[in-house]
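Below is one structure; the comments refer to it alone.
In this text the structure is predicted, and so the values were computed from the model without any measurement.
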Amino acid sequence: MTATLVESPAVADRAHALRLAKQVIRTLDQKPLEPIVAAMLTDGHKAALSAMAVSRDEPNLFEQFLVLCEEAGLLSEEDCDQLGDAYVEARRARAA
């Protein structure tokens, strides 16, 4: 059985957030982020996501994770931009 980096629904620090993000980029599997994102969402986030879902503009779990980590001060805007770009590139490479 392969060990996963997700041990609890809390992100300990910047290094942990980066490890989680890089794991998703490497595997393209966002499922390990589900409990983390769920634990980080506030009522305001949930309301905004509900509105986005109605308009079919809801961000995926990875995008939500990056935004939540940025808001929590775990990742910078630059980190999130780079990680988001790397995720898109990994998806393109897998599709090719």
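The heavy-atom pair separating Leu33 from Leu61 by the smallest distance is CD1-O, 4.1 Å. The heavy-atom pair separating Ala10 from His16 by the smallest distance is O-CE1, 3.4 Å.
To the nearest 0.5 Å, atoms CG (Leu20) and CZ (Phe62) are separated by 10.0 Å.
Evaluation of the side chain to side chain donor-acceptor pair (under 3.5 Å) test over residues 85-95, restricted to residues two or more places apart or in two chains, returns Gln30-Tyr87. Residue pairs satisfying the ring-ring contact (aromatic ring centres under 6.0 Å, His included) criterion with at least one member in residues 19-39, sequence neighbours excluded, are absent.
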If you look only at distance, which donor and acceptor atoms sit under 3.5 Å apart when one is on a side chain in residues 77-84 and the other is two or more places apart or in another chain?
from: Glu78; atom 1: OE2; to: Gln82; atom 2: NE2; distance (Å): 3.2
from: Asp79; atom 1: OD1; to: Arg14; atom 2: NH2; distance (Å): 2.9
from: Asp79; atom 1: OD2; to: Arg14; atom 2: NE; distance (Å): 3.4
from: Asp79; atom 1: OD2; to: Arg14; atom 2: NH2; distance (Å): 3.2
from: Asp79; atom 1: OD2; to: Ser76; atom 2: N; distance (Å): 2.9
from: Asp79; atom 1: OD2; to: Ser76; atom 2: OG; distance (Å): 3.1

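Take Ala93 and apply the side-chain contact (heavy atoms from CB on, under 4.5 Å) test, not counting sequence neighbours, and it matches no residue. Take Ala90 and apply the side-chain contact (heavy atoms from CB on, under 4.5 Å) test, not counting sequence neighbours, and it matches Ile25, Leu28. In this structure, the salt bridge (Lys or Arg N to Asp or Glu O under 4.0 Å) partners of Glu34, at least two apart in sequence or on a different chain, are Lys31. By the side-chain contact (heavy atoms from CB on, under 4.5 Å) test, Ala72 pairs with Met40, Leu74, sequence neighbours left out.
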